[in-house]
Amino acid sequence: MINQKLHIAILASPGLGHLIPVLILGNRLATDHGAKVTVLVNKTSSSVESQVLNNLASGPNMDILEIPPVNISHLIDADTKAVAKICIMVREALPFIRSAIAGMKDGHRPDILISDLFCTEAFSIATEFNMPKYVYVPTSAWHVALKMYSPVLDKQIEGQYVDQTEPLKIPGCKSIRPEDVVEPMVDRNDQQYRELVRMGREFSTGDGILINTWEDLEQVTLEAFRENESLREVIMSTVYPIGPLTRPGEPKGPNRENHELMEWLDMQPCESVLYVSFGSGGTLSAEQLIELAWGLEISQQRFIWVVRPPARIADGSFFTSGSGSSDGTPDYLPEGFLGRTKNLGLIVSQWAPQVEILSHPSVGGFLTHCGWSSTLESLKNGVPMIVWPLYAEQRLNATMLAEELGVAVRPKVLPTKKVVDRKEIEEMVRTIMASEKGKLIRERVKQVKISALDAIQEGGSSVNAMRDFLKDVTVRLNMRS
Ligand SMILES: *[C@@H]1O[C@H](CO)[C@@H](O)[C@H](O)[C@H]1NC(C)=O
Ligand SMILES: *[C@@H]1O[C@H](CO)[C@@H](O)[C@H](O)[C@H]1NC(C)=O
């Protein structure tokens, strides 16, 4: 059977944010490595999801298998947190996942299982069917280290992590500031904390861990995984840094809005535009939105701003500044904002083609909520950042980008704790777009870009890591037969 195409099943947990990275990985394995890929999707029945599936899941070697949606309403209440919900959904879906795999008869059954970071409970199914099993984590190695070390921290540390006065130590890795712990670690009495510790343990029980990072970006952490004896007492797994895996550009269509936007970008000077976006789920408070608008305006730098109304006043329209006499500024922005900034910037409502924007030569900065996929897209294009974490999940990213890699600036106080005022915003924007310090940051991020592109080229570290992974798979499959 080894002569045949390697057949890989990848299991995605519910939610678009989890589905996209899995599809990107699947595409890579199918296109560049000639594998047959079946993606098992826990559908949550959103129309956006179907669209993404259509866009990213095409190709002769990719199959999608939908796991029927599960009803978990009797298992949760108003206090059940996001991560706990995902874990419960996955748990309830296990019988369906099992029968999906059991239903694929000999010769059609996948050879191995790759689970995304929330689905490792399905490892038992892989074991039952004698399939090697791996976990794919689409975030950083540092995040993986924290998660996998959490069972130890759980024993070592008393009280809430966020109340600790000393940073949390992970052997060989950079320590973690108590205020930077990921969301499920914020409250140790919550179910989602217990789920996190369980998952941390389960990661170690697989045959390896694929991570969406690369050797140069997180050398210290990756080396600790391989060489630090104290860490290896806890985490024996092999890690494969295979990133950056990022989204392909949006399919080009006759979309008038994008067309206008890209034409506007074409006319701007090189590296002069700040792109501002808080991701698909991110909204700011009404007060913060006003401060941000003023901050952008007084900085006098060019911008494209994906604005989401603070409440539900979205009408889905797109407006270019200065497109009328009464300037059309929506009422949640400072009065006359569009008129005053008409030569500086564009406002986009709801959605913008981020991949195209970040790779455009006129773009010179990115104000971001620092989700990992946005972060990688920015690094890959050599665009320096202003990092603005909205959720606990993103703080570690922000710290890594600003303090460790030196490719970003950040507000002095976490934006979740205090409104960032216009003066500070102006300063950050000017720092990134028009200062000596900004030049250094830009040089640094361009080095990171080069190292990212090197990693994913033939002979690069991530391509080699992917090959090592596939070799490991072959060895395990040979042992099995
Ligand atoms: C492993 O980590 C510990 C704690 O951070 C450190 O003291 C030790 O030197 C490291 N060992 C190696 C081999 O790097
Ligand atoms: C980065 O942000 C993502 C959310 O987009 C989160 O899932 C991940 O845990 C964060 N990574 C780190 C290293 O904090």
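In each ligand, atom 1 is the first atom listed, and ligand 1 is the first ligand listed. The chain is numbered in sequence order, starting from 1.
- For atom 14 (O) of ligand 1, the nearest protein heavy atom lies under 4.0 Å away.
- Here is the list of ligand 1 atoms found below 4.0 Å of a heavy atom in P171: 2 (O), 4 (C), 5 (O).
- Residue contacts with ligand 1: I170 is placed with no nitrogen or oxygen under 3.5 Å of a nitrogen or oxygen of the ligand (distance criterion only).
- Around CD of E287, the count of heavy atoms belonging to other residues, nucleotides or ligands within 6.0 Å does not exceed 12.
- A cation-pi arrangement is found for R188 relative to Y161, the charged atom lying closer than 6.0 Å to the ring centre and inside a 45° cone about the ring normal.
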| said: Test salt bridge (Lys or Arg N to Asp or Glu O under 4.0 Å) on R302 and E271; report intermediate values, then the result. | reply: CA-CA 10 Å; R302 294 181 177 79; E271 294 177 349; over 6 Å; no
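- Distance check for atom 9 (O) of ligand 1: every protein heavy atom is found at 4.0 Å or beyond.
- Regarding atom 5 (O) of ligand 1, its nearest protein heavy-atom neighbour is G172 N, 3.0 Å.
- When the heavy atoms of L231, N228, V220 are ranked by distance to atom 1 (C) of ligand 1, first place goes to N228.
- Geometric assessment of K133 against the ring of F203 yields a negative cation-pi assignment under the 6.0 Å and 45° thresholds.
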| salt bridge (Lys or Arg N to Asp or Glu O under 4.0 Å) between R91 and E195, worked out | CA-CA 11 Å; R91 198 162 297 138; E195 300 279 8; 2.6 Å; yes
